[in-house]
> 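This is the structure, below, for whatever I ask next.
First listed ligand is number 1; within each ligand, the first listed atom is number 1.
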Amino acid sequence: MQPHLLEHAETLPAAERERFLAQLRSIDFAKIERLVAGESQTDDWAAIAAKAKSPRSIRLNRTDNEFTLEAARRRGAEALRSGHVGAMLVAGGQGTRLGFDHPKGMYPLGPVSEAFLFQILFEKLRAVGARYGVTIPLFLMTSPATHDETVAFLAEHDRFGLREEDLVVFCQGTMPAVDEQTGKLLLAGPGELALSPDGHGGMLAALAASRAPQIIRERGLKQLFYFQVDNPLAQVCDEATLGYHLLAESEVTMQAVPKHDPAEKVGVVVDVDRRMMVIEYSDLPAEHAARRAPDGTLELWAGSIAVHVFDAQFLLKHSTGDGGLPFHRARKKVPHLDAKGNLIEPTEPNALKFEKFIFDLAPAARSALVVEVDPAEAFAPLKNAPGAKTDSPEWVRAQMIAQATRRLEAAGAKVAAGTPVEISPLFGYDAETVAARVKPGMTVDKATYLSINAK
Ligand code: UTP
C-alpha cells in the first residue's frame, strides 16, 4: 500500500473513505510495483527480431498462394451461411488523441451522412448477414470509460437495426495510472483513483466474466471476427479472410497491409520459431526493420491493422486465466490531483498506463495465418484530432469518399471530380454488392449519400 493513498483516505468523509479503501484493497500493489520496475519490458527484441521471418501468409495478387481467392470465398461464404460466425468489436478505448468527449463509436464520421462510427460498422454487419441469410451476433466490448454512454446511445438509436438478441455488450477492467517519476498511483479526484481501461487484451478476462462464452456455445459459433471501433473501412466478416482462415485450419488469422518504408509506425506480424507474433514498431530494431527480401521488398512486411479471425474455441480456452498476456507500459498525459488537492492538467506525458494487447495471444496458436489486404480497401483508422496529416477525421473521410468513388466508377457510374459521395453499407458493402445496385448511366455531380432507400 502506498502511504499517500492512506493519507488521502483520512481526508475523506466516512462513507467515501470506506469506498476508497475497498477500491485500494482490490489493487495488486506488488504487481504494479513490478510493472513500474519494468516487468514485461525484459524481452530481448534484438534477439527475437534476428530470428523473425515473414509469416505464413496469403499475399494479394499472387498466383502462388496456398489457396485461391475463389476457394477462400466459397469456404467463407459457407461458414457465414451456416451461422457459425460471430463478430467481436472492441470499443473500450479512451480515444485521448482524437480529443472527442464521448466514446469514439459516437463520432459522426460519415463524410456526407454524418453517420456515427457505430452506425457504419453495425450496418456492415447487418449487410453481410442479410447477404448470407443470417443475423450475425455482435460481442461489443466497452470499458468503464465508455460503457454507460455507449449503452444509452445504442438504445436511443435502436442498436442501428441489430436485434436485441444479437448484441452482447460486456465491459472490460481497468488499471491504475501511476506517476512516471515516483510510481505513485494517481488520484483523478477526491476518493477517486486515476484508472484507465486495461487494453484491448483485457478482452480475454472480460469475455470470460461475461455471458458471451455461454452464448457462443449456445449459438454454435465457431469463428469470431475481431475488429476495432476506429476503422470504418474494416472488412467486417470478410468472406475471403474467413475462408483462408478455415482452409488453413488457423486458430488466429490477422489481416495485414504491406509495409514499404522501414520507419512506418506499425506493428509487424512475424514468424519466430514457427509461432506467429506481433513486434511493435518501437521494439523492432532499425536494422531488422530495414531487412530486404531478394525481390527488394521489406522482409518483415506484414503491418498489422488489428483485424483478426479467432477460432472461437481457441479464444475461449485462453480467456480463462487471461491468456497470460503481458502488460505493456505507455507514457501518457493523465490529469490528477497534486499533494495539495489541486487538479493538474499536464501538457506533457507525466504518467505510465498499463495495457494488454490482444495480438499477444498469437504465439499461443498452433496454426496461424496472415492475409494481406489493400489499405485503401480495408484500413483508415480514426486516431487523431482534426488538423493532423493522417488518421484525422478529414483524412478518414477522404479515404471513405475515395473508396466509394472507386466502387461507383468500377460499376460504370460517372462521379464528377471532387464530389463527396458516401455509400451506406446497406446499399452495398463491397465492390460486388455496390455494382449490383448501380443503374446504368448513373451520374453523381453533387454531394450524395447512397442509402438503403436510394433509387
Ligand atoms: P487505441 O490503442 O488506438 O486507443 O485503440 P484509443 O483509445 O482508440 O485511442 P488513444 O490511444 O487513447 O488516442 C484501438 C482499439 O482498441 C480499443 C479502442 O476502443 C479501439 O477500438 N481499445 C483500446 C479497447 O477496447 N480497450 C482498451 O483498453 C484500449
Side-chain angles (χ1 to χ4, degrees), residues 87-107 109 116-118 120-122 124 138-147 149-151 153-154 168-177 194-207 209-210 212 224-234 236 254-255 265-267 278 280-282 303-308 319 322 325-335 346 349 351-361 379-388 390-393 395-396:
M88 175 80 69
L89 171 58
V90 293
Q94 287 168 305
T96 41
R97 283 169 287 174
L98 179 61
F100 179 57
D101 236 6
H102 305 283
K104 222 184 247 187
M106 291 170 61
Y107 197 90
L109 187 67
F116 306 102
L117 260 168
F118 275 137
I120 296 167
L121 296 170
F122 281 33
K124 285 194 178 192
L138 176 66
F139 300 91
L140 172 66
M141 185 170 85
T142 57
S143 69
T146 63
H147 184 80
E149 240 188 313
T150 299
V151 168
F153 178 76
L154 292 177
V168 181
V169 183
F170 64 103
C171 187
Q172 69 179 107
T174 55
M175 280 293 279
L195 300 174
S196 47
D198 57 359
H200 40 64
M203 193 256 269
L204 292 180
L207 192 73
S210 75
L224 293 169
F225 196 101
Y226 168 102
F227 56 112
Q228 302 192 333
V229 76
D230 53 17
N231 179 15
L233 296 196
V236 177
M254 297 190 167
Q255 285 192 343
K265 290 186 171 177
V266 58
V278 175
E280 280 190 274
Y281 68 84
S282 49
S304 172
I305 61 165
V307 174
H308 318 307
S319 63
D322 211 2
L325 303 186
F327 276 103
H328 297 247
R329 304 192 306 181
R331 294 180 66 230
K332 299 269 171 147
K333 288 184 269 187
V334 176
L352 294 176
K353 282 188 183 179
F354 305 108
E355 292 195 352
K356 295 185 172 192
F357 297 154
I358 195 63
F359 56 66
D360 281 331
L361 191 56
F379 188 50
L382 177 65
K383 301 280 187 199
N384 297 327
T390 57
D391 305 356
S392 63
W395 180 86
V396 177

> Would you give the length of the straight line joining atom NZ of Lys104 to atom OG1 of Thr150, rounded to the nearest 0.5 angstrom?
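Lys104 atom NZ to Thr150 atom OG1 measures 12.5 Å (nearest 0.5 Å).
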
> Arg97: what forms a salt bridge (charged side-chain N to carboxylate O under 4.0 Å, His left out) with it, not counting sequence neighbours?
none

> For His200, check side-chain hydrogen bond (donor to acceptor under 3.5 Å, both in side chains) against everything at least two apart and list the hits.
none

> Name all residues meeting the ring pair (Phe, Tyr, Trp, His ring centres under 6.0 Å) criterion together with Phe116; count only those two or more places apart in sequence or in a different chain, and write none if there are none.
Phe153, His157

> Return the protein residues near ligand 1 (heavy atom under 4.0 Å from any of its atoms), ordered by chain and residue number.
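The 4.0 Å shell around ligand 1 contains Val90, Ala91, Gly92, Gly93, Gln94, Gly95, Thr96, Arg97, Lys104, Met141, Gln172, Pro197, Asp198, Gly199, His200, Gln228, Val229, Asp230, Lys332, Lys383.
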
> Looking only at atom types and distance, does a side-chain atom of Lys124 sit under 3.5 Å from a main-chain N or O of Ala234, one as donor and one as acceptor?
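Looks like yes, one N/O pair under 3.5 Å.
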
> If we count only N and O atoms by modelled type, under 3.5 Å, do the side chains of Lys353 and Gln94 hold a donor and an acceptor together?
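Per modelled atom types, Lys353 and Gln94 side chains form a pair under 3.5 Å.
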
